[in-house]
Amino acid sequence: MKYWLMKCEPHEYSIDDLEKDGVEKWTGIRNYQVRNMFRDEFKVGDLALFYHSNAGKEIGVVGIMEVCKEAYPDPLQFDKKSAHPDPKSDLANPRWLTVDVKFIGKFPRTLTLSEIKSDSKLANLHLVQKGNRLSVMPLLKTEFNYLVKKAIK
DNA sequence: GCCAACGTTGGC
DNA sequence: GCCAACGTTGGC
């Protein structure tokens, strides 16, 4: 079982939206590294932290979700009216994948990026390493547990 | 809105 | 395969 951190801009889709929806697909990934993680590493039962990016003062980790369906083609790549169409993707051989995630819980507060940055125990997180722009990244089990503990404290 | 740091594209 | 130009991410 693996652990992940997944970023989304809350004005596009937030933890509250996921709480309402229960289950939703994580669409719009147009980065090959993330696509490959979806394809090769994401398994049903994996846990992921929901991270709000580009959110002013509320940038940070906001809740927990669970992977509940493994990788399948992202329908938005074939939808010209969507925010993420890819005219070069082929129906017979889709370029981009999505996974389904299920709402597990929302933290009572946002564990902010600045808190994470100022915690020396978290200096190894991909999240705070220079130049990392991946919107989905793996976490160690210890990192996942530490972040959750810190968020609910 | 700015811009640093990446990733992608495409001509050669 | 190189690399310039362009696009994207995401914190500030």
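Numbered from 1 within each chain, the chains take letters A, B, ... in sequence-line order.
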Asker: Side chains of A:Q77 and A:S89: donor-acceptor distance under 3.5 Å anywhere?
Answerer: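 There is such a pair (donor and acceptor under 3.5 Å, judged by atom type) between the side chains of A:Q77 and A:S89.
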Asker: Let me spell it out: for each of A:R95 and A:R133, pick the nucleotide of DNA chain B with the closest heavy atom. Which residue's pick is nearer the 5' end?
Answerer: A:R133
Asker: Looking at residues at least two apart in the chain, or sitting in another chain, which of them share a ring pair (Phe, Tyr, Trp, His ring centres under 6.0 Å) with A:Y51?
Answerer: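 Once residues adjacent in sequence are excluded, A:Y51 has no partner under the ring pair (Phe, Tyr, Trp, His ring centres under 6.0 Å) criterion.
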Asker: Give, ordered by number, those residues of residues 52-59 of chain A having at least one heavy-atom distance below 4.0 Å to an atom of DNA chain C; if nothing qualifies, reply none.
Answerer: A:S53, A:N54, A:I59
Asker: With nearest nucleotides of DNA chain C determined for A:R30 and A:S114 from heavy-atom distances, which residue corresponds to the more 5′ nucleotide?
Answerer: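 Residue closer to the 5' terminus by nearest nucleotide: A:R30.
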Asker: Return the CG to OH distance between A:N145 and A:Y3, rounded to the nearest 0.5 Å.
Answerer: 6.0 Å
Asker: Nucleotide range of DNA chain B contacted by chain A, 5' to 3', under 4.0 Å to a heavy atom?
Answerer: B:dA5 to B:dG10
Asker: Does NZ in A:K150 sit with more than 12 non-hydrogen atoms of other residues, nucleotides or ligands closer than 6.0 Å?
Answerer: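 Yes.
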Asker: In the single-linkage hydrophobic clustering (I, L, V, M, F, W, Y; side-chain heavy atoms under 4.5 Å), do A:M1 and A:F50 co-cluster?
Answerer: no
Asker: Strictly below 4.0 Å, N to O, side chains only: are A:D86 and A:R95 in salt-bridge contact?
Answerer: yes
Asker: Identify whether the distance between the nearest side-chain nitrogen and carboxylate oxygen of A:E115 and A:R109 falls below 4.0 Å.
Answerer: yes
Asker: Do A:I59 and A:T110 have side chains that approach each other closer than 4.5 Å (heavy atoms only, starting at C-beta)?
Answerer: no
Asker: Quick one: on DNA chain B, does A:K88 or A:Q33 contact a more 5' nucleotide (nearest heavy atom)?
Answerer: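 Its nearest nucleotide being more 5', the pick is A:Q33.
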